[in-house]
Amino acid sequence: MKNLKNLLLSKVPIVILLILMQLGWFLWIFKKLRNQAHWVNFALGVLTVLMFLAILMSNQNPSYKIGWIVLIGVVPLLGGLLYLLFGNKRPARRLQNKILAAEARLDSLAAQDPKLLKGISERDAGLSRYILSAGAYPISGQTKTEYFKLGEEMFERMLEDLNSAENYIFFEYFIVGESSMWERMKEVLIRKAKAGLDVRVMYDELGSLPVLPQNFRRDLTAAGIQVVNFNPLVPFLSMVMNNRDHRKILSIDGRVAYTGGINIADEYININPPYGHWKDTGLRLEGEGAWTLTTMYLGLWLANLEDEIDYSTYRPELTPDLTETENLGLVQPFSDSPLGQEALGLNVYLDIIWQAEDYVYIFTPYLIIDYEMIEALSLAARRGVDVRIVVPGIPDKKLAYELTQSYFRILLEAGVKIYLYSPGFIHAKSFLSDHKRAVVGTINMDFRSLYLHFECGVLMLDTPCLKDLHEDYLDVFAKSKLLSLEDLAKNPLVQMKRAVLRVVSTMF
């Protein structure tokens, strides 16, 4: 029954139905309308041209437009119907309005100290001001940062902080799976809720659907925990549910917060990982940055479950050691979403590449990029920047890996170094440049993360943990295989297949 439910909630039945409709259309033309087919085809041609114009006039990524134009040109009926169903990449207006209203209500909870922006370099201040213009994401000099190079290391630290919670726990993950990891967290969440703490759990149904623990909601609500299923799927209408909550946020009392690539399932802490060693990373914030992640959480929470609580009372006081400590660097958490015109995560990544002088190091599980990102990486390498990208040695999705491989040649020819993580699968998402600036978060280098999903990341400028991040990169490079042009597939059929995949990769 669970597998049947998954199938009904997926896009597969709709795509199959539309393919059958296209075939039926051809049969109808050839058998029933032999004399009138030219008029029908003329009308269909006019409709196709109008759809082309609508796509060209839209504010969409050019790669996205090309894919749809090719598909509609080849199979007009199927392509047109698919575009009407899948082409709208923005959230439903009702959800969009609720999120914007919730974020406006919370804007005053995270204010920017103008003195900080005056005290940093113009280059970094420009990036920080850009992030600030996209939302209530202030940069802070009063945040301790701790970097974790593996999920299992971060998980043990998370449990310590969860057990020390005194007021509230806010939990938001893309995947919550049946696992020992979840069982250990669940025990703490239920115990704290029964002790009177405000415990809230938010998860994404699409991400968790195949693996969600049995009686998940029932067990939590019975303990007094509030549960929100973000943007619930509707059978046979899931094709309009493109925008998923891919964020990972755990906030404890607003004073400590975690983010990164790590979901709640055993493979993320290397218990029976399915693709070799699972390399994932995360970040612990303590101080003002943790509060910013907390306000991000509340923005999506209130869009799903409104209440009249004054959340300013949830803001913790900074501990004395944070207010007096120097040289913590600067931290600026940010949230990216499909609501606005800005592709914030993409633009932050691009700015780091453009401004790099010595090196740019990148961890990403998927490398499915557009022309702008290809040019930024290639130009950086050509002007002498040491650009290195680590992708999985053992992929989790074969088609996604085929797409990733399709970009290897053009990047290698430009001088970009590409490493395959030989021990297994790398799920980490991070950028590091010049020992000065970095981003750790949830944002993959693929179309869905950069344009469709709700994501989050943390920009760090001169924070002490950049040293740990740099050491982690060097360790991973040593364990990985450095690709050369001789390693790439030369079979023209394989290259053609990958070229076709690149055309359609942005559409779904």
Side-chain angles (χ1 to χ4, degrees), residues 102 105-106 109 151-152 154-205 207-209 211-232 245 247-260 262-266 268-269 282 284-286 290-317 319 454 456:
R105 175 181 164 188
L106 297 167
L109 299 184
E152 50 267 39
M154 188 171 94
F155 181 51
E156 294 303 321
R157 193 81 163 95
M158 291 167 70
L159 289 175
E160 291 177 17
D161 284 324
L162 283 170
N163 278 298
S164 68
E166 298 177 350
N167 299 305
Y168 59 86
I169 297 170
F170 294 161
F171 173 110
E172 175 185 354
Y173 283 88
F174 179 62
I175 295 174
V176 181
E178 187 86 56
S179 59
S180 61
M181 186 181 186
W182 166 244
E183 289 301 318
R184 293 179 69 186
M185 295 190 80
K186 173 185 170 183
E187 186 276 324
V188 182
L189 296 176
I190 290 178
R191 175 160 44 84
K192 289 294 183 178
K194 289 182 177 179
L197 275 67
D198 182 356
V199 181
R200 307 182 184 199
V201 169
M202 182 160 52
Y203 68 100
D204 186 273
E205 184 171 66
S208 301
L209 183 65
V211 294
L212 191 69
Q214 290 187 351
N215 304 319
F216 177 78
R217 182 183 289 268
R218 187 193 69 183
D219 292 347
L220 295 181
T221 55
I225 297 173
Q226 298 183 72
V227 182
V228 160
N229 173 6
F230 177 80
N231 200 10
D245 180 10
R247 306 190 314 188
K248 294 93 179 168
I249 296 174
L250 179 68
S251 173
I252 296 98
D253 296 337
R255 60 177 178 81
V256 170
Y258 290 84
T259 190
I262 299 158
N263 283 297
I264 310 302
D266 278 348
Y268 294 89
I269 56 174
R284 179 186 186 270
L285 304 183
E286 181 179 356
W291 174 245
T292 303
L293 281 174
T294 305
T295 61
M296 290 180 198
Y297 176 93
L298 290 171
L300 278 194
W301 178 272
L302 292 176
N304 287 272
L305 194 65
E306 298 179 21
D307 59 44
E308 299 302 323
I309 295 174
D310 178 8
Y311 283 100
S312 64
T313 62
Y314 280 55
R315 180 166 187 164
E317 295 293 331
T319 55
F454 292 86
C456 64

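Below, each value reflects all heavy atoms present in this structure, side chains not excepted, and no hydrogens, waters or symmetry copies.
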Result block: side-chain N/O donor-acceptor pairs under 3.5 angstrom for residues 295-302, not counting sequence neighbours:
| unit_1 | atom_1 | unit_2 | atom_2 | d |
| --- | --- | --- | --- | --- |
| Thr295 | OG1 | Thr292 | O | 2.7 |
| Tyr297 | OH | Phe171 | O | 3.4 |
| Tyr297 | OH | Arg200 | O | 3.2 |

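Note on residues 169-179: pairs passing side-chain hydrogen bond (donor to acceptor under 3.5 Å, both in side chains), not counting sequence neighbours, are Glu172-Arg247. Within the structure, the side-chain hydrogen bond (donor to acceptor under 3.5 Å, both in side chains) test picks out the following pairs touching residues 218-227 (sequence neighbours left out): Lys186-Asp219.
Taking CD1 of Ile309 as the reference point, atom OH of Tyr314 lies at 4.0 Å (rounded to 0.5 Å). One distance of note links CG of Asn215 with CG of Leu220; it measures 10.5 Å at 0.5 Å rounding. Taking OG of Ser180 as the start and CD1 of Ile269 as the end, the distance is 5.0 Å to the nearest 0.5 Å. Of the inter-residue distances, the one linking Ile169 atom CD1 with Leu250 atom CG reads 7.5 Å to the nearest 0.5 angstrom. Taken to the nearest 0.5 Å, the CG atom of Leu209 stands 9.0 Å off from the OH atom of Tyr203. If you take CD on Glu156 and CE on Met154, they are separated by 11.5 Å, rounding to the nearest 0.5 Å.
When the side-chain contact (heavy atoms from CB on, under 4.5 Å) test is applied to Glu166, the partners found at least two apart in sequence or on another chain are Asp253. In this structure Arg191 satisfies the salt bridge (charged side-chain N to carboxylate O under 4.0 Å, His left out) test together with Glu187, sequence neighbours excluded. For Arg315, the side-chain contact (heavy atoms from CB on, under 4.5 Å) partners two or more places apart in sequence, or in a different chain, are Glu288, Trp291.
Nearest heavy atoms, Ser251 versus Thr294: OG-OG1, 2.7 Å. Scanning both residues, Ile175 and Asn263, for their nearest heavy atoms gives N-OD1, 3.1 Å. Contact between Arg284 and Asp161 at its shortest, heavy atoms only, is NE-OD2, 2.8 Å. Ala257 approaches Ala290 most closely through the heavy-atom pair N-CB, 3.6 Å. Nearest approach of Ala223 to Ala193, heavy atoms of both residues: O-CB, 3.5 Å. Between Ala303 and Ala102, the closest heavy-atom pair is N-CB, 4.0 Å.
Using a 4.5 Å heavy-atom cutoff, the side chains of Phe216 and Val201 are in contact. A heavy-atom distance below 4.5 Å is not found between the side chains of Phe170 and Ile249. Considering only heavy atoms from C-beta on, Leu162 stays 4.5 Å or farther from Lys192 through its side chain. Between Phe174 and Asp245 there is no side-chain heavy-atom pair separated by less than 4.5 Å.
Remark: side-chain polar atoms of Tyr311 are not paired, donor with acceptor, to backbone N or O of Leu109 under 3.5 angstrom.
Salt-bridge annotation for Asp266 and Arg184: absent, with no side-chain N of the basic residue lying under 4.0 Å from a carboxylate O of the acidic one.
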- Task: Quick one: do Asn229 and Arg217 satisfy side chain to side chain contact (heavy atoms under 4.5 Å, CB included)? Show the steps, please.
- Result: CA-CA 9 Å; Asn229 173 6; Arg217 182 183 289 268; 3.5 Å; yes
